[in-house]
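First up is the structure itself, then whatever we jot down about it.
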Amino acid sequence: MNVYAIKTMEEAVKGNSYVGRGIVLGCSADGKKAVSAYFIMGRSENSRNRVFLEEGEDLQIRPFDESKVEDPSLIIYYPVRKFENKLIVTNGDQTDTVFQFLKEGKSFEQALDTRCFEPDGPNWTPRISGMIDFGEDSFTYKMSILKSGDPEGSSCFRYYYNYEKIAGLGHFLHTYMQDGNPIPTFCGEPERVAVPDDIDQFTEEIWKNLDEDNRISLYVRYTDIATGKTENRLINKNQR
């Protein structure tokens, strides 16, 4: 087994009908840009009734059709928020928890120590989170998964990962291993994936290889380390 092996995003997701929600953080191949990507998938009508909307430097998820909303608690949130020199990316309202803790001078880990997996038994969907911390001429990033320790959802296991940038390398964390009933939770460390220089290439590679029936929305951001300039791409299956 090669522990340094790197997959393409095509290899990571193609043919898997349901990886759920996913976060990729890493560095472009030329070493000049911090890269983040977030996507959502959905099986139920409630989950599929969503769109991404940009709000300044933040990203919000809203219902596509307000009249069809069944339970807004787990589908409407800010997956991306910026606080000072930090970019937070998560799959739930723990984005706001991390944001508030940072405002209070506390850490990413302290924030997530107060949270748990989602209360949607028997799936107990894990909360996945990431944060890019920009320095003067570089960046580091963190990732986390909070998941149930047993089928009953009686305990929460919290895992934290810290990374220094390597040109062309990203880490991919998603909620589920594959489709199922209940849906099997992601296992292991975040996957090592290749990150190209071109944002359109990366966006297309992710979107076209996600299951066509279940993919809902994708957001990709490239941030120039030297200038702070950002370039974003957003795809919604549901179009207004």
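Note that the coordinates shown come from a computational prediction; the quantities given were computed from them, not determined experimentally.
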Nearest-0.5 Å distance, OG of residue Ser217 to CD1 of residue Ile235: 9.0 Å
All heavy atoms of Leu146 vs all of Cys156, minimum pair found to be CB-SG, 4.1 Å
Strictly below 4.0 Å, N to O, side chains only: are Asp96 and Arg81 in salt-bridge contact? yes
The complete set of ring-ring contact (aromatic ring centres under 6.0 Å, His included) pairs with one or both residues in residues 7-33, sequence neighbours excluded, reads Tyr18-Tyr176
Under 4.0 Å between a Lys/Arg side-chain N and an Asp/Glu carboxylate O for Lys86 and Asp133? yes
Go through the steps for Tyr219 and Tyr38 under the test ring-ring contact (aromatic ring centres under 6.0 Å, His included), then give the verdict. CA-CA 5 Å; Tyr219 183 75; Tyr38 181 66; 9.1 Å; no
Val13: which of Leu210, Ile206, Thr8 passes side-chain contact (heavy atoms from CB on, under 4.5 Å): Leu210
Answer yes if the side chains of Ser28 and Asp30 hold a donor-acceptor pair under 3.5 Å, and no otherwise. yes
Expected list for residues 177-191: side-chain donor-acceptor pairs under 3.5 angstrom, two or more places apart:
| residue | atom | partner | partner atom | Å |
| --- | --- | --- | --- | --- |
| Asp179 | OD1 | Arg43 | NH1 | 2.5 |
| Glu191 | OE1 | Lys7 | NZ | 3.2 |
| Glu191 | OE2 | His174 | NE2 | 2.7 |

Kindly indicate, with the supporting measurements, whether the criterion side chain to side chain contact (heavy atoms under 4.5 Å, CB included) is fulfilled by Tyr222 and Val195. CA-CA 11 Å; Tyr222 276 44; Val195 180; 3.9 Å; yes
Consider only side-chain N and O atoms of Asn214 and Arg48, and report whether a donor and an acceptor are under 3.5 Å apart. yes
Closest heavy-atom contact between Ala194 and Phe202? O-CE1, 3.6 Å
For Tyr78 and Glu55, which heavy atoms make the closest approach, and how far apart are they? OH-OE2, 2.7 Å
Would you mind reporting whether Met9 and Asn209 have side-chain heavy atoms less than 4.5 Å apart? no
Distance alone, cut at 3.5 Å: any donor-acceptor contact between the side chains of Ser129 and Thr90? no
Check this for me, if you would: do Lys208 and Glu10 make a salt bridge, where the nitrogen-to-carboxylate-oxygen distance has to be below 4.0 angstrom? no
Worked verdict on His171 versus Tyr163 for ring-ring contact (aromatic ring centres under 6.0 Å, His included): CA-CA 9 Å; His171 287 88; Tyr163 300 104; 3.7 Å; yes
Do Lys147 and Phe157 meet the cation-pi criteria used here (NZ or CZ under 6.0 Å from the six-membered ring centre, within 45° of the axis)? no
Can you hop from Val89 to Phe172 via hydrophobic side chains spaced under 4.5 Å? no
Of the non-hydrogen atoms in Cys27 and Ile166, which two are nearest, and what is the gap between them? CB-O, 3.6 Å
Dump the intermediate steps for side chain to side chain contact (heavy atoms under 4.5 Å, CB included) on Val193 and Glu11, then the final yes or no. CA-CA 9 Å; Val193 294; Glu11 292 169 331; over 6 Å; no
Side-chain donor-acceptor pair under 3.5 Å between Glu104 and Gln100, yes or no? yes
Is it true that Arg233 and Glu231 make a salt bridge, defined as a side-chain N closer than 4.0 Å to a carboxylate O? yes
Assigning hydrophobic clusters by single linkage (Ile, Leu, Val, Met, Phe, Trp, Tyr; side-chain heavy-atom cutoff under 4.5 Å), is Phe64 placed with Leu53? yes
Dump the intermediate steps for side chain to side chain contact (heavy atoms under 4.5 Å, CB included) on Val24 and Val35, then the final yes or no. CA-CA 8 Å; Val24 181; Val35 175; 5.6 Å; no
Can you tell me how far apart OG (Ser107) and CG (Asp113) are? Round to the nearest 0.5 Å. 7.5 Å
Would you find a donor on one side and an acceptor on the other, under 3.5 Å apart, between the side chain of Thr114 and the backbone of Ala111? yes
For Ser144 and Leu173, the nearest pair of non-hydrogen atoms, with its separation, is O-CD2, 3.2 Å
Mind running side chain to side chain contact (heavy atoms under 4.5 Å, CB included) on Leu218 and Ile40 for me, showing each step along the way? CA-CA 7 Å; Leu218 167 67; Ile40 58 173; over 6 Å; no
Does the pair Arg21/Glu118 count as a salt bridge with the N-to-O cut at 4.0 Å? yes
Would you kindly confirm whether Val98 and Ile76 end up in one hydrophobic cluster when ILVMFWY residues are joined by side chain heavy atoms under 4.5 Å apart? no
Transitively linked via ILVMFWY side-chain contacts under 4.5 Å: Val220 with Ile88? no
Please check if any side-chain donor atom of Asp200 sits under 3.5 Å from a side-chain acceptor atom of Thr203, or the reverse. no
Less than 3.5 Å apart, any donor N or O on the side chain of Gln94 or Tyr77 sitting next to an acceptor on the other? no
So, Asp211 versus Ser17: side-chain donor-acceptor pair below 3.5 Å or not? no
Basic-acidic side-chain contact under 4.0 Å: Arg115, Asp93: yes
Option passing side-chain contact (heavy atoms from CB on, under 4.5 Å) with Arg221 (candidates Leu87, Ile132, Leu59): Leu87
Grouping I, L, V, M, F, W and Y whenever their side-chain heavy atoms are under 4.5 Å apart, do Val80 and Ile145 come out in a common cluster? yes
Distance col, row Ile128:CD1 vs Thr175:OG1, nearest 0.5 angstrom, shows 5.5 Å
Point-to-point distance, once rounded to the nearest 0.5 Å, from CH2 of Trp207 to CZ of Arg215: 5.0 Å
